[in-house]
Each structure stands twice: as structure tokens, then as C-alpha cells.
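Here the structure is laid out as C-alpha cells; the discussion comes afterwards.
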Amino acid sequence: MTSHASLKRAAYLSAGALALAIAGTAHAVDIELGDTTASLYGFAKLDMIYDVDNELGDLAARPRILIDGQQGSDGHTSLHAYQSRLGFKTATPAGGSQLTTRIEVDWFENAPEGGDLRLRHAYGSWNGVLAGKTWTNFGSRLGKTPTIDLAPQPGQSKIGRKAQLRYSWGQWHLALENPDPEDYRDGVAASFNPKRGIYREADDAKTGLPDLTLRHQSRAAGVDYSASAMLRQLEVESESGLSGVDDSVTGWGLNLAARYRASERLTLRGALTYGDGIGEYLQNNPSAPGYLADSEVETITAWGANVGMSLRAGPGAVNLGYGISKADLNDAREAGIAGVEGANEQFEALHLNYIWSPIERVSYGVEAGYHTREVVDGRDGDALRLQGMVKYRF
């Protein structure tokens, strides 16, 4: 005989299934379970890419641009759906505050090739405390111009995610973040341990302390803005004590970003990023945060900037954006570090696209991206990428 509790449980699950079915025909796929609202969301996206010059991968990997003296084939076509995304989030009233959780994945692991499942977000937040993996607290997305290519424009703060413990109060946000780079991008977001063939290897590089980030984000005179700072430790310590290497330095970074809605149709964006030992916190930094020379850790200064605009036109918007990131490798060059002459020193990118939606939750887009790379000895190269996309959201 079925118990009253079993009947109640069956009715509860049936009601949840009904809510899921009903919500699926409306906007997001939502379920109401007691005080908790759970939502399933995501999209399927097809990217269609034609590299007029050499192949840059499933996202524009600028270190692959051919420079003077390098040979390669032109004209490459590829189609992929690796940016397709699936996410699940919840919201529950708890202790006078809202308890939220989020887990999100896509298939862009091992970029720039992609194809493997990648954890984008996995965090919970309650009473001002966030714990887990999500957007880094350094910088913001205010200066990010919409692009079809998943590779963000250089020069911004890091457009990526890190495991972190963050506390927010009002317009201030303070976080301890994973000291190793995440969302590795073809050697661009290089860790301090410089095993990329252009610096002396430091097998005893360590991450003794978490990175510290602080951000203030607000709005004034119609401008949304953020100001951020970052501190990190770069350290090499020999476990055996035989190599004689035992040194550490402090790396730091600053970022300013803003977005201004000049009219109902026009939005302007921009960002400035600068730091010494900033490493991957500068988007598309050509260099690692530091190197080892004469048993001493030396930091590398780098800076970046980007500007962009979005103009509403018809059912969509025209987006135009430019970004640059540059590392100062003069000291490494003067120190005679092997291979530094051919090291990446500067990346630039210019994007022009039109993204439109004929109906809600359906988006199309076409884009032209022009990318450049320059190495320390002055050689450079460029590449043109044409891209289209179809995206269906739920």
C-alpha cells in the first residue's frame, strides 16, 4: 500500500515536471521547487570561419600569425559548434539573503582547437560572499565590444574566469584568486613558470600565495565605469637548495573601463590596462609575467587599450572595436635571455561585425577581423579572418 508520504512525493515531482514543461514553452526552462527557482539555459551556436591568410584555429590565436620569414598556406575554412553552451542556476531565499548557485559548461577546452568539455562557471553566492569559479574580479566587461570570434580583443582586463573567494559590499569587490592562469590560450596566458622556449626555464617556480584583486564599479553622469587593482607574488624557490635560486617579487596591475550610452542607438566603450608582472590579467598579453635571470626573478611590464562602439541598425547592431596589447621586453633582451629576439611583443586586432535577431532567441552575425603580431626584433605579420554565426538560445 502506498504511503501518504510517497503519494505526496510523487505529486511534488509531477508538479515539478509540469512546471518544467510549461516553462520550456515560454522563456528560460524554469522549475519552482519550494522556495527554490532553478533555471536551465544555454544556446547552440555554429561558427563558420574563413582565414584569408594562415589558419588561426577555432578562435583567433594571434601567436599563430605568420611573420616575416615564415612560410605557410593561405585560405582555410572551418565550421564548428564548440562555443555552444549549457548552464544551470538556482536562487533560494536563505537567512534574509538570496543564495544563488551556477554551473555552466561549453566545449572549448584545449582552445584554440576546442572540442572538449570545459567548465566555465561553478560557484555559489550568499550574503555578499562568492566562492567558486567565475569571471575574475580584476577589471570588468564594460569595455568589451561584442565580437563573433570567441577570442576577445587584446588590451582589456582578462576576459576569463578564475577560482576565487570574493566578498562584495556595495560597489566594492575584494577577492583572493587562483594564482595560476586558467582558460589557457595557446601560450598567451602563460604562467610565471616560463617554459615557452623564449625564457630560461624555472622548474622551481611556485605559487605560494593567492592573487589579490580589488574592484570598484559604479555609474556617474550616465557612464558605467570600473576601476581595479591586482597584486600577485612571483616566486622561485629551489627545493634542493643546490641551484641557489630563492627569490620573489611582487607583480601588480591596474585597469580602468567604461561604457557610455550616448543615445538610444549608440554605445561607446573603452578600457586601459597597465601592470608590472601583470601576466594573463592583461587580455592577450604577448608575454609571461616575468622571467629568471642570474638567479633573480624579474617582472615584465605590459600595457593595453581598447575602444569600441555599437550602433543599432535595423534588427541588430553594427559593432566596431580596436584593441592593442604590448609587453616591454627590453630588459630581458639586454640581459641576453635566449630566444627573446623572436618573442611576441605586440598584438593588435580590429573587428567589424553586424549581429541581428529576426526574432527573440535567434541571432545571426557576420564579421571581419584583422589581426597583427610583432616580435621583439621588429618583424611583424597580419591575418584577415571572415566569420559568420548562427545562434539559437533557450
Side-chain angles (χ1 to χ4, degrees), residues 41-49 56 58-62 80-85 87 104 106 108 111-112 114 120-121 135-136 139-161 183 185 217 223-226 255 257-273 283-284 304-325 347-371 384-394:
Y41 67 93
F43 59 77
K45 181 189 179 191
L46 173 67
D47 282 295
M48 299 163 284
I49 300 169
L56 300 182
D58 293 326
L59 54 75
R62 297 176 188 102
H80 70 79
Y82 299 143
Q83 196 183 341
S84 299
R85 194 170 299 169
E104 181 181 292
D106 67 7
F108 239 115
R120 286 173 53 85
H121 299 276
W135 302 113
T136 174
S140 71
R141 296 167 62 81
L142 292 176
K144 185 179 186 300
T145 301
T147 60
I148 294 175
D149 197 316
L150 184 59
Q153 289 179 312
Q156 308 168 73
S157 61
K158 176 182 174 68
I159 306 295
R161 296 150 296 274
D183 299 325
R185 290 283 182 268
Q217 188 161 328
V223 178
D224 295 297
Y225 69 91
S226 68
N255 172 263
R259 179 182 63 203
Y260 175 57
R261 301 190 187 279
S263 70
E264 291 185 0
R265 298 181 58 192
L266 178 63
T267 300
L268 305 176
R269 303 177 180 85
L272 293 171
T273 309
Q283 184 64 44
N284 217 190
N306 69 287
V307 293
M309 54 143 283
S310 296
L311 179 66
R312 289 178 55 189
V318 177
N319 302 289
L320 174 64
Y322 165 79
I324 179 174
S325 61
F347 294 124
E348 292 180 275
L350 179 67
H351 289 87
L352 175 63
N353 64 52
Y354 182 61
I355 302 173
W356 74 99
S357 296
I359 62 172
E360 187 179 8
R361 300 191 178 279
V362 175
S363 300
Y364 303 128
V366 290
E367 178 175 274
Y370 178 70
H371 308 269
L384 177 63
R385 163 169 287 201
L386 306 177
Q387 190 163 345
M389 69 98 174
V390 178
K391 182 192 291 186
Y392 298 127
R393 295 181 293 120
F394 66 90

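Hydrogens, waters and symmetry mates play no part in the numbers below; they use all other heavy atoms, side chains included.
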Side chains of [X] and [Y] in contact at under 4.5 Å (non-hydrogen atoms):
| X | Y | value |
| --- | --- | --- |
| W356 | R312 | no |
| L150 | F108 | yes |
| L350 | L320 | yes |
| L268 | R261 | no |
| K144 | R269 | no |
| R141 | W135 | yes |
| I355 | M389 | yes |
| P315 | Y354 | yes |

Looking only at heavy atoms, what is the nearest atom pair of [X] and [Y], with distance?
| X | Y | result |
| --- | --- | --- |
| H351 | T147 | CG-CG2, 3.8 Å |
| V318 | A313 | CG2-CB, 4.5 Å |
| N353 | P146 | ND2-O, 3.0 Å |
| A60 | A151 | O-CB, 3.6 Å |
| A257 | G143 | CB-N, 4.2 Å |
| Y392 | Y364 | OH-OH, 4.3 Å |

Audit row: R161, H121, side-chain contact (heavy atoms from CB on, under 4.5 Å) steps and yes/no: CA-CA 7 Å; R161 296 150 296 274; H121 299 276; 3.6 Å; yes
[X] side chain to [Y] backbone, donor-acceptor under 3.5 Å:
| X | Y | result |
| --- | --- | --- |
| D47 | D149 | no |
| R62 | F347 | no |
| Q153 | G321 | yes |
| S226 | G139 | no |
| Q283 | I159 | yes |

Separation of N255 CG from T136 OG1 (nearest 0.5 Å):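 It comes to 10.0 Å.
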Between CG on residue L59 and CD1 on residue I49, distance to nearest 0.5 Å: 8.0 Å
Donor-acceptor side-chain pairing of S357 and S363 below 3.5 angstrom: yes
N319-S310 side chain donor-acceptor pair, cut-off 3.5 Å: yes
Check against side-chain contact (heavy atoms from CB on, under 4.5 Å), L56 and H371: CA-CA 10 Å; L56 300 182; H371 308 269; 4.3 Å; yes
Residue pair M48, L386: steps toward the side-chain contact (heavy atoms from CB on, under 4.5 Å) verdict: CA-CA 8 Å; M48 299 163 284; L386 306 177; over 6 Å; no
Enclosure of Y260 OH (heavy-atom neighbours >12, cutoff 6.0 Å): no
Evaluation steps, salt bridge (Lys or Arg N to Asp or Glu O under 4.0 Å), between R85 and E104: CA-CA 7 Å; R85 194 170 299 169; E104 181 181 292; 3.7 Å; yes
Reference residue I148; test side-chain contact (heavy atoms from CB on, under 4.5 Å); the match among K391, R385, K45: K45
Test log, rule side chain to side chain donor-acceptor pair (under 3.5 Å), inputs Y322 and E348: CA-CA 8 Å; Y322 165 79; E348 292 180 275; 2.5 Å; yes
